Amino acid sequence: MKTVVTEMQAPSYLDADFTMICQDDSMIRSRISAGDLVYIRTQKSVEDGEIGVILDGNTAFLGRIWTYPNCLMLRPDDPRFPSRTYSGKQLEQVAILGRVVGFTSIIA
């Protein structure tokens, strides 16, 4: 679920504000793999179950976001990876950066 923010420009038709490179296969069931370029539209909230990006300290994580009263959960699409749950004071350390609007897979 770890990602790296990049400076690459997203195609204008995607209405994305920034891109990230996926670092693992935690979203493989959504066809997003390690090395894929992910396009994100900046927004402070997402609908439950949408694929989004959260910032935890200085690290960005990609996953399906679920919000509950006083709790935020980031779930991967691959059960081999753990979910991340934030509650109480932990919520002060995380922020939703945006929603994934597309991705590009690189074929080597």
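Bear in mind the structure is a predicted one, so any value in this text is a computation, not a measurement. Positions are given from 1, in the same order as the sequence printed here.
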Which heavy atom of [X] sits nearest a heavy atom of [Y], and at what distance?
X: Ser33; Y: Ile28; value: OG-CD1, 3.0 Å
X: Gln90; Y: Thr85; value: OE1-O, 3.6 Å
X: Ser105; Y: Arg31; value: OG-O, 4.1 Å
X: Pro76; Y: Met27; value: CA-SD, 3.9 Å
X: Leu62; Y: Cys22; value: CD2-SG, 4.1 Å
X: Ala60; Y: Leu97; value: CB-CD1, 4.5 Å

Side-chain H-bond candidate by donor/acceptor type, Ser26 with Asp78, under 3.5 Å: no
Let me confirm one number: the [atom1]-[atom2] distance from [X] to [Y], rounded to the nearest 0.5 Å.
X: Arg64; Y: Asp77; atom1: CZ; atom2: CG; result: 4.5 Å
X: Asp24; Y: Phe61; atom1: CG; atom2: CZ; result: 9.5 Å
X: Arg99; Y: Ile65; atom1: CZ; atom2: CD1; result: 11.0 Å

Considering only distance and modelled atom types, tabulate donor-acceptor pairs under 3.5 Å from the side chains of residues 48-57, sequence neighbours left out.
from	atom 1	to	atom 2	distance (Å)
Asp48	OD1	Thr67	N	2.9
Asp48	OD1	Thr67	OG1	3.1
Glu50	OE1	Glu47	N	2.8
Asp56	OD2	Tyr86	OH	2.8

Val94 vs Leu74 side-chain heavy atoms within contact, under 4.5 Å: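 No, side chains not in contact.
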Backbone N/O of Thr42 and side chain of Asp17: donor-acceptor pair under 3.5 Å: yes
Under 3.5 Å donor-acceptor, Arg41 side chain and Asp15 backbone: yes
Option among Val101, Thr104, Ile32, Thr19 that satisfies the side chain to side chain contact (heavy atoms under 4.5 Å, CB included) test with Val38: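 Exactly one option meets the side chain to side chain contact (heavy atoms under 4.5 Å, CB included) with Val38, and it is Ile32.
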Within one Ile-Leu-Val-Met-Phe-Trp-Tyr cluster: Leu91 and Met73, side-chain cutoff 4.5 Å: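 Hydrophobic grouping puts Leu91 apart from Met73.
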Flag if over 12 foreign heavy atoms under 6.0 Å of OH, Tyr68: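 Enclosed: over 12 neighbouring heavy atoms sit under 6.0 Å from OH of Tyr68.
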